[in-house]
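Before any comments, here is the structure.
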Amino acid sequence: MKKKSDLMDFQGKKVVITGVAGFIGSNLADKLLELGAEVIGIDNFLTGRKENLSKAFKAPKFKFYSGDIRDLDFLLDIFQDIDVIFHQAAFTSVPQSIKMPDSCNDINVNGILNILNASRKRDIEKIVFASSAAIYGDDPNLPKKEDMRCLPISPYGVSKLAGEAYMQSYHHVYGLKTTTLRYFNVFGPRQKDSPYSGVIAIWLGKIVRNEDLLIFGDGTQSRDFIYVKDIINANLLASEIKNSGDVFNIGLGFPISLNAIAELLLKITNKNNLKIQYAEQRIGDILHSYCDNNKAKEILGFIPKYNHEEGLKDYFKYFVDK
Ligand SMILES: NC(=O)c1ccc[n+]([C@@H]2O[C@H](COP(=O)([O-])OP(=O)(O)OC[C@H]3O[C@@H](n4cnc5c(N)ncnc54)[C@H](O)[C@@H]3O)[C@@H](O)[C@H]2O)c1
């Protein structure tokens with residue numbers, strides 16, 4: 001049976017993607033272009049890369065503007081006759097946010113305020129915002145539900161929660177149609193293999209270089225890893241729903257331990273010669289996290305298509321084909 005998002009048609013729609021040169025933004029651009037949308041991409045290359053847009057640049061319906069979401073005039077020039085804004089741009093690193101809380105706040109809080117103000121001035125109704133599981137902090141209650149109390153630990157988590165609050169506020173006060181998606185641990189093509197990126201991207205990089213995998217702690221800690229193509233589908237669905245002002249967890253809805261995902265990765269890549277090495281657990285690391293995604297299933301019609309194995313296989317194929 002085809003999923004609702006597979007049947008979506010974006011022909012004739014004009015959308016903006018902020019953070020389009022990033023991991024998720026660039027995957028979203030490719031999908032929306034494939035579905036017939038006219039895509040306007042914005043990025044200042046803080047963490048994004050031009051090479052992520054190599055496919056999009058070939059599409060006649062793609063336009064790119066290099067600039068900063070904190071520049072209101074820049075946004076007002078671009079936001080003309082737009083149907084949907086997909087706001088992905090952000091200061092995205094949790095550890096970096098601890099080193100530079102002011103920069104994180106400036107980009108993530110002043111940034112979203114600018115996006116909302118520009119949307120209001122240009123009568124753009126629909127805004128979909130990329131929030132994060134980081135807003136839940138280290139509350140041990142599981143699974144994470146949307147109505148739980150949010151007490152983020154990192155400045156990054158705080159900035160995302162502030163962004164969510166502005167989305168709510170602009171919906172209630174100015175009638176903007178806003179939808180917030182709380183992504184859990186996303187993995188997939190174009191995720192950076194760097195000390196600050198997701199662990200799966202780091203491990204795939206190591207596998208390609210024939211190096212052992214490293215886990216901080218004993219590997220029993222667990223996460224809700226979700227493949228990027230499912231995150232893209234959630235964004236497409238969120239752009240279409242009628243009722244707004246809402247927030248949704250977007251994850252697979254069950255945990256997998258780091259040990260299990262590392263072993264699966266070694267199996268899929270046929271690298272049984274490589275080992276899993278262990279180092280001391282990092283201070284502040286959350287032990288377990290996974291979400292209840294029933295609200296997204298019921299209201300958005302969100303049904304994740306990729307389990308861990310399917311997502312990892314698709315991701316590895318991209319690495320090999322590259
Ligand atoms: N990757 C994950 O696991 C994950 C999990 C939860 C939430 N998110 C959220 O999803 C969104 C996309 O994340 P990603 O993983 O693709 O990260 P990314 O770092 O690859 O992408 C972010 C993009 O935003 C751009 N950007 C940053 N500041 C900007 C500014 N001031 N003006 C214009 N562009 C700017 C960057 O250059 C980059 O291209 C972010 O909002 C992030 O917080 C990601």
Side-chain angles (χ1 to χ4, degrees), residues 3-6 8 15 17-19 22-29 31-32 84-90 92 94 108 112 126-137 139 142-148 150 152 156-157 159-161 163-164 167-168 177-191 198 200 222-241 243-256 261 286 288-308 310-312 314-315:
K3 291 200 300 3
K4 197 168 139 199
S5 49
D6 289 335
M8 283 180 154
V15 307
I17 303 175
T18 69
F23 158 44
I24 297 171
S26 62
N27 278 290
L28 182 58
K31 186 66 189 179
L32 280 161
V84 188
I85 311 275
F86 293 95
H87 180 40
Q88 306 293 319
T92 48
V94 173
N108 292 0
I112 197 167
K126 186 75 204 182
I127 301 124
V128 181
F129 169 49
S131 184
S132 163
I135 56 106
Y136 290 113
D139 182 341
L142 291 169
K144 304 296 182 204
K145 288 192 178 176
E146 287 88 347
D147 56 4
M148 273 180 167
C150 300
Y156 168 78
S159 71
K160 285 288 176 183
L161 190 56
E164 289 195 5
M167 290 282 283
Q168 291 276 5
K177 290 188 183 145
T178 61
T179 299
T180 292
L181 303 178
R182 286 179 186 158
Y183 305 164
F184 277 64
N185 292 73
V186 192
F187 70 97
R190 300 187 186 139
Q191 189 165 31
I200 294 178
S222 62
R223 295 285 179 273
D224 191 334
F225 288 105
I226 179 158
Y227 194 47
V228 67
K229 289 187 182 172
D230 280 324
I231 291 285
I232 301 314
N233 277 335
N235 273 277
L236 304 183
L237 292 165
S239 73
E240 298 266 296
I241 53 159
N243 43 337
S244 294
D246 226 337
V247 52
F248 300 94
N249 283 336
I250 305 294
L252 263 195
F254 54 90
I256 183 166
I261 204 121
I286 295 166
H288 302 289
S289 162
Y290 75 98
C291 75
D292 178 328
N293 62 8
N294 282 312
K295 186 174 170 191
K297 281 184 174 155
E298 279 157 28
I299 300 178
L300 292 181
F302 171 67
I303 302 161
K305 189 173 158 192
Y306 294 86
N307 64 26
H308 297 119
E310 289 159 341
L312 289 177
D314 199 65
Y315 185 13

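Everything numeric here is computed off the predicted structure, so don't read it as measured data.
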Under a 3.5 Å threshold, yes or no: a donor from one side chain and an acceptor from the other, between [X] and [Y]?
{"X": "Arg190", "Y": "Ser26", "result": "yes"}
{"X": "Thr178", "Y": "Lys126", "result": "no"}
{"X": "Gln88", "Y": "Thr18", "result": "no"}
{"X": "Asp224", "Y": "Tyr183", "result": "no"}

Legend entry - Residue list, salt bridge (charged side-chain N to carboxylate O under 4.0 Å, His left out) with Lys297, at least two apart or on another chain: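 Per chain and number, Lys297 pairs via salt bridge (charged side-chain N to carboxylate O under 4.0 Å, His left out) with no residue.
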Legend entry - Contacts of type salt bridge (charged side-chain N to carboxylate O under 4.0 Å, His left out), residue Glu146, not counting sequence neighbours: none
Inset, instruction - Could you tell me whether Phe254 and His308 have their ring centroids closer than 6.0 angstrom? - result: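 For Phe254 and His308, the ring centres are under 6.0 Å apart.
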Inset, instruction - Please find out if less than 6.0 Å separates the ring center of Tyr227 from that of Phe187. - result: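 Between Tyr227 and Phe187, the centre distance is under 6.0 Å.
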Legend entry - Atom NZ of Lys144: over 12 foreign heavy atoms under 6.0 Å: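 Enclosed: over 12 neighbouring heavy atoms sit under 6.0 Å from NZ of Lys144.
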Inset, instruction - Check whether any side-chain heavy atom of Lys295 lies under 4.5 Å from a side-chain heavy atom of Asn249, and answer yes or no. - result: no
Inset, instruction - May I have the step-by-step check of salt bridge (charged side-chain N to carboxylate O under 4.0 Å, His left out) for Glu310 and Lys305, ending in yes or no? - result: CA-CA 9 Å; Glu310 289 159 341; Lys305 189 173 158 192; over 6 Å; no
Legend entry - Val128 and its side-chain contact (heavy atoms from CB on, under 4.5 Å) partner, picked from Ile241, Leu181, Ile85: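 Filter result, single survivor: Leu181.
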Inset, instruction - Give the minimum heavy-atom separation between Phe184 and Gly251, together with the two atoms involved. - result: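 The pair with the smallest heavy-atom distance is CB-CA, 4.2 Å.
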Inset, instruction - Would you name the heavy atoms of Ile286 and Arg223 that are closest together and state the gap between them? - result: O-NH2, 2.6 Å
